[in-house]
Amino acid sequence: MRKFDHINATTIEQAASFLSKSNAYAIAGGTDILGTMKDEILSVYPETLVNLNTIPGLSYIKEEGGKLLIGALTVLEDIAVSDIVKTKYPALAQAAFSTASPHLREMGTIGGNICQMNRCLYFRSPDNRFNCLRKGGNMCYAMAGYNKFHSIFGAMDGCVAVNPSDTAPALVALNATIKTSKREIAAEEFWDVAIPGSTVLEADEIVTEIQIPATSGKSAFVKFAIRKSIDFPVVNCAVLIDGSSARICLNAVYNKPYRATGAEEAIAGKAINEENAEAAGTAAVKGALALQSNKWKIQIARTMVKRAILACA
Amino acid sequence: MGVWHGSWDGNQIWVDTDVKEQYNYVGQRGMKRKDGYDKVSGKAVYTRDVKLPGMLYAKYLTSPYANAKILSIDTTAAQAYPGVRYILTYEDPQILELKLATRTIPTFYLGNRAYYYGQTVGAIVVADTEQIADEAVKLLDVEWEELSFILDEVEAAQPGATLVDENQENNSIPYGYSATRHVQGDVEAALAAAEHTVNFNAKKAMTYGADVECVSCLIKWEGKLECWFHTQCPGRWRQSLAAFFEVPLNNVIVHSVYQGSQWGQWNWTTSQYNTLPAITGILAKRTGRPVKVLFSRQENFLAGEMDCSTQSGTIGFKSDGTITAVKSTTYFANMGLGPFEHFVENSRIPNLNIYGPINRVNKPPMGAIRCEQSINSYQFCIVNDYVASELNMDPTEVALKNDGTEGKDMAYLSQFKLAHGFPDRDSLKECIDLGKADFGWDSKWHEPGARKLPNGRMHGISFTWDHEWQDCCGDSSIGIAINKDGSVSLMAQVSDIGVNHRSACCQIAAEEMGIPYEKIAFLNKAHETVTFELEPPEGSAAFTALGWAVKRAAMQAKASLLEFVCSEFETSSGWGGHPRLTRYPAFFPGKSPEDLDIKDGVIYEVANPENKKTVAEVAARTGFGGLSAGSSGHAPGVFVWQFLAQPAKADSTCNFYHHWMCRQGNFLEVEVDTETGEVFVTNAMPVNDVGKAISPEAVEGQQYGGVYWAFTRGMLEEYIWDPLTGVQLNPNYLDYRVAGIKDVAWDKINCRIVESGLGFGPYGSCGVGEVPGTQLPWNLGQAIYNAIGKRIEDYPITPDKVLKALGKG
Ligand SMILES: Cc1cc2nc3c(=O)[nH]c(=O)nc-3n(C[C@H](O)[C@H](O)[C@H](O)COP(=O)(O)OP(=O)(O)OC[C@H]3O[C@@H](n4cnc5c(N)ncnc54)[C@H](O)[C@@H]3O)c2cc1C
């Protein structure tokens, strides 16, 4: 690891102003950003880390004005064990609980989880071995290389990496809003950005809060990973079924969380049973397109949609 | 000397003829582990922990290419970087001397040729801190010539294949572990005449040693050359360092501190093993400071194991399950052990033609990590299971039909056992009977794909079997001293591999000397300069070999003590120029050693147990020097040492001095989720005939650990290579998956121990360490087949492969 400056910010404004300097990154739990620095995966090494932990009042879970409000610095473990989240927004509690490992959940924040960088093995290769599209290069190495865990819904701007977050699909399914130092962004739009970006955030923009509208519907989250104790999702899926409407979001299947609208239409207003859930699963992967070695993920995605729906029964 | 039991049989087999029904310490549970406190309290010191005043850190340059040559290195910028102390490059004359041949890739690791991505090559930078060394390595201006590469072992064997080494005519390995072909009987005729034949194809990805502690080596060279090295062979390193630097052996110390796991990595088979301490030594000498070389996790990934292989073959067999012929070809990458030994040693199959070509590819060198017998064992398991399933027979029956050795049946083995003083027990049958009963095999066995469970998953079971291969080759030595207070010191250097064999050595000494286990200490450090080494040449044969030296030395120590108590003795005392000699009567006047015995630290007359003295009382009159003022003096203390050398094999073409007789049976039950391809292990039962469990808890430790590795090796672990660049994509423990402690359902592992007394180790023991981890992976494929009716012989068996077999992926 190389040397870098570390600045403790005390207010959001101050943090934003430090971040506006070139090559500065926010640091919350540090579980993602420090790993990228240790392996020197980026083409330009971060010069400055702006510590958000020293800004008071950014860690909380509360209900207010018909919404669940979660501070951006709230650690995943707190969300996973929160009674409010577990009973009213189980998809999010389950998603947080399924993330990484106990130690990482105690360190990693929800803000960091939704802003984390991509996990494509080429992108993460130490010493920036592959200067891929996502780093401003001109090639996606996974497209013709190793792509067992890559996109099943095609490339975005030529890149077939997937968004790795477990909490992201839960936030999309629960129709969350992400509040930043500058604006409010619907969760669904938060990752809707051309590469090399991961999120729509501007360089000096900070996530401050997650807002989730109260719901009387049922929600659930399921995840398939190779290793259960600690692993990123092969595919995960969050579902909210509220009366006759359904919101279904897959992740790790595309560059950004993938709203499975076909599945939503297939299940909306129908009884939750094996047959209907199966049909929704099949609808979810309609149009899926396998790369050379990830066809199996289509089957996994179908199954995750089915199981997440059944978990809402 | 007549103090130990056992005999050389035709100068070839050492057999323990002193086997009892019951022992006081050997075989007992609840012996407090000698290393337990150090390890659980975090006080244990590992190589990486060692820090010395003034110590410098060194980091290697590594290759960014799968195959490349360094044309030049300009060190100017790195040299000028503040904190950089020294840079050694491939052009250094002493490095050129370092061309030690290796068994795998013929390179010396500060050469100008890199044969795989990540190889340490070209230069090593010494600096004040690890970080400075790291940064300075990046400032080396290296001119590389990138060469084309090849990753697949089968392609590498084809004429005209890309060459790993442009100076060779082809990729076959011309030295060391070269291709093997074992021919026995007439395979072609037997296959032509066979009632049935079946073909098989199988693949196993390369896996990593996966030691917890990454490699490090520290050398301080001030007068003495002192080395700390993460290795399982410290004693041999002492000799190599002394020889390379032409330093007398009594001026070289290699410390063997605790090993943060080894599993065979960094032993003789790994190329870097040959050069790392030598390079560290050069750096320490030139800088005049202690130098520590540290490998990062990524660099540590450079030693794989021999698993990497592609095999195919044909089996001939009769309708009753008798296997008549096996013909196979197994392509290995970089290194391998032709998979014939298990057929030869473990079966009566008369006709064999087993070919194992080894070709170089641009992957890290292979090492005998977690046992090099895995592919051997894999093919053996495939053959048994394919025959069983073709005939719709219970695989345990096929096993019993084909058990034997060197083409001969069990009657021959019975004769062999009796002729050499072993009990005539049928080890395989005992393993199968015990396993079947405890596993509930008969009620669970079904045809492939026939049982769906209420939870929707498919149910499958499997059985594999094999023999044990770790027994007593190699040589060991140990010294034993009885201290003045009656405590006992075992003195030898032994690397911390296996499950706590230092404690088991103390158990043997306690048993043989009649001295309580608590009074016995294993002093690993005390003798790192004295050359007593419990270090058989191969980790595979650790305890069974070194246990012999301990047993013999302990018997001799007891004999010496009894000799002493039956004789008059003299002590010398006095000081200041007034020496005094005093004569004392014997502790047991008129008795001879045969009249006496020792139990629980008390020496007594067998015919009259009331005539007794404690060992402590007696030992108080002995000593090794250091009289205090006014002391009444002492006689020389009891100190003995013993050595045992045992031949391993007559030669490498399968003429063993002896037959392995302890069999192993492995039972496995799984559930397969056919929607996700996920496999759940619901019962794993290794049934291991260990001959005699000297420390049952250590045996179980090996069994649990082995089952853990079996699943991790069978379902998770694989190096991932980019096909376009040959770069390893997953040199970390997140993407190179080994199971976490929570990934294994420990309550579903049911270990069973069989003690047939058929081992060549002390008390009729044999090893167990490599067995479950090497054999149980192959149960997975067979159990999955029993569950879903489709063969997957492509390890690791990951969900994508299961789905593909089911037509869903
Ligand atoms: C071994 C391992 C396993 C993992 N497994 C999983 C998994 O299974 N599922 C999963 O979803 N994740 C997984 N993760 C990722 C982990 O959840 C994230 O690293 C963590 O949530 C990030 O939070 P953090 O607070 O540590 O972020 P940091 O590392 O501090 O920051 C991450 C990124 O977000 C930015 N950032 C952080 N906070 C803010 C903010 N408030 N506003 C704007 N930008 C911000 C930083 O600048 C940085 O770019 C794993 C990580 C590791 C190391």
Side-chain angles (χ1 to χ4, degrees), chain A residues 1-3 35 38-41 45 100-102 104 119-130 132 139 141-149 164 222-232 234-235 274 278 281 290 292-307, chain B residues 62 64-65 117-118 130-132 134-135 137-138 296-299 301 456 673-678 680 711-712 715-718 720-745 796 798-809:
Chain A
M1 198 173 203
R2 300 187 184 206
K3 285 188 191 138
K38 278 187 181 163
D39 285 343
E40 302 194 20
I41 68 167
Y45 201 78
S101 64
L104 285 160
R119 281 279 160 187
C120 170
L121 293 184
Y122 291 94
F123 178 79
R124 291 266 168 178
S125 192
D127 300 322
N128 187 27
R129 180 63 181 74
F130 299 96
C132 68
M139 178 175 171
Y141 294 84
M143 187 85 88
Y146 179 81
N147 51 36
K148 198 161 134 183
F149 295 96
V222 293
K223 167 175 177 176
F224 186 79
I226 300 284
R227 182 178 45 195
K228 303 304 154 195
S229 63
I230 176 169
D231 231 336
F232 279 92
V234 170
V235 176
E274 182 83 19
E278 177 99 40
Q292 199 192 340
S293 48
N294 71 354
K295 190 170 160 217
W296 67 295
K297 279 185 67 171
I298 299 177
Q299 166 65 22
I300 302 284
R302 186 198 332 262
T303 307
M304 289 303 105
V305 169
K306 171 181 159 184
R307 291 186 181 177
Chain B
T62 59
Y65 302 111
Y117 166 76
E130 203 183 337
Q131 187 185 350
I132 294 172
D134 255 337
E135 292 186 11
V137 165
K138 297 207 163 85
S296 66
R297 177 58 64 193
Q298 188 189 356
E299 286 154 9
F301 261 90
D673 182 335
T674 56
E675 284 185 325
T676 60
E678 199 172 352
F680 300 84
F711 297 142
T712 237
M715 297 203 274
L716 295 172
E717 289 178 81
E718 63 183 318
I720 298 170
W721 310 96
D722 174 42
L724 302 181
T725 58
V727 168
Q728 190 206 341
L729 294 174
N730 62 340
N732 62 67
Y733 276 150
L734 179 63
D735 302 306
Y736 180 94
R737 295 178 174 85
V738 291
I741 200 86
K742 284 175 73 186
D743 290 305
V744 176
T798 41
D800 55 308
K801 293 176 187 165
V802 178
L803 288 176
K804 194 165 180 202
L806 290 164
K808 297 179 183 175

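Quick caveat: nothing in here was measured; it's all calculated off a predicted structure. Numbered from 1 within each chain, the chains take letters A, B, ... in sequence-line order.
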J.: Between A/Arg307 and chain B, with a heavy-atom cut-off of 4.5 Å, which part of the residue counts as in contact: side chain, backbone, both or neither?
T.: side chain
J.: In Å and rounded to the nearest 0.5 Å, what is the OG1 to CD distance from B/Thr62 to B/Glu299?
T.: 5.5 Å
J.: Taking every heavy-atom pair that is under 4.5 Å apart, which of B/Lys801, B/Glu678, B/Met715, B/Glu130 has the most such pairs with chain A?
T.: B/Glu678
J.: Which heavy atom of B/Pro799 sits nearest to which heavy atom of A/Trp296, and what is that distance?
T.: CB-CZ3, 4.1 Å
J.: Among B/Leu724, B/Leu716, B/Asn730, B/Asp722, which residue forms the greatest number of heavy-atom pairs with chain A at distances under 4.5 Å?
T.: B/Asp722
J.: Quick check on A/Arg2 against chain B: is it the side chain, the backbone, both or neither that has a heavy atom closer than 4.5 Å?
T.: both
J.: Sort out for me which residue in A/Lys297, A/Arg302, A/Gln299, A/Lys223 forms a side chain to side chain contact (heavy atoms under 4.5 Å, CB included) with A/Val235.
T.: A/Lys297
J.: In terms of heavy-atom proximity below 4.5 Å to chain A, should B/Glu135 be classed as side chain, backbone, both, or neither?
T.: side chain
J.: Working to the nearest 0.5 angstrom, can you tell me the gap between B/Asp673 CG and B/Phe680 CZ?
T.: 5.5 Å
J.: Non-hydrogen atoms of chain B under 4.5 Å away: do they reach the side chain of A/Asp127, the backbone, both or neither?
T.: side chain
J.: Counting neighbours of NZ on A/Lys228 that are heavy atoms of other residues, nucleotides or ligands and sit closer than 6.0 Å, is the number greater than 12?
T.: yes
J.: Is B/Leu729 close to chain A through its backbone or its side chain, or both, or neither, when contacts mean heavy atoms under 4.5 Å?
T.: both
J.: I'd like to verify something: which residue of A/Ser125, A/Ser101, A/Pro126, A/Ala142 has the highest number of heavy-atom pairs under 4.5 Å with chain B?
T.: A/Pro126
J.: Would you mind telling me which of B/Ile741, B/Thr798, B/Ile132, B/Val738 has the largest number of heavy-atom pairs within less than 4.5 Å of chain A?
T.: B/Val738
J.: Counting distance only, does the side-chain N/O of B/Asn732 pair as donor-acceptor with the main-chain N or O of B/Leu734 below 3.5 Å?
T.: yes
J.: Between A/Met1 and A/Tyr45, is any pair of side-chain heavy atoms under 4.5 Å apart?
T.: yes
J.: Looking at NZ of A/Lys148 and CG of A/Leu121, how far apart are the two atoms once the value is rounded to the nearest 0.5 Å?
T.: 10.5 Å
J.: Please round to the nearest 0.5 Å and tell me the distance separating atom OH of A/Tyr141 and atom CZ of A/Arg129.
T.: 7.5 Å
J.: Quick one: which residues of residues 802-809 of chain B reach chain A at under 4.5 angstrom, heavy atoms only?
T.: B/Leu803, B/Lys808, B/Gly809
J.: Between A/Asn147 and A/Met143 (side chain of the first, backbone of the second, donor and acceptor by atom type, cut-off under 3.5 Å), is there such a pair?
T.: yes
J.: Give the member of B/Asp735, B/Asp134, B/Val727 that has the highest number of heavy-atom pairs under 4.5 Å with chain A.
T.: B/Val727
J.: Among A/Asp231, A/Ile300, A/Ile298, which has the most heavy-atom pairs under 4.5 Å with chain B?
T.: A/Asp231
J.: Side chain, backbone, both or neither: which part of A/Arg119 has an atom under 4.5 Å from a heavy atom of chain B?
T.: side chain
J.: Measuring from atom CZ of A/Phe130 to atom OH of A/Tyr122, what distance do you get when rounded to the nearest 0.5 angstrom?
T.: 6.0 Å
J.: In terms of heavy-atom proximity below 4.5 Å to chain A, should B/Tyr733 be classed as side chain, backbone, both, or neither?
T.: backbone
J.: For the candidates B/Lys138, B/Gln298, B/Gln728, which exhibits the highest count of non-hydrogen atom pairs separated by less than 4.5 Å from chain A?
T.: B/Lys138
J.: Any chance you could measure B/Glu717, atom CD, to B/Thr712, atom OG1, to the nearest 0.5 Å?
T.: 5.0 Å
J.: For A/Phe224, is it the side chain, the backbone, both or neither that has a heavy atom under 4.5 Å from a heavy atom of chain B?
T.: side chain
J.: If you apply the rule salt bridge (Lys or Arg N to Asp or Glu O under 4.0 Å), what do you find for A/Glu274 with A/Lys306, and how did you get there?
T.: CA-CA 8 Å; A/Glu274 182 83 19; A/Lys306 171 181 159 184; 2.7 Å; yes
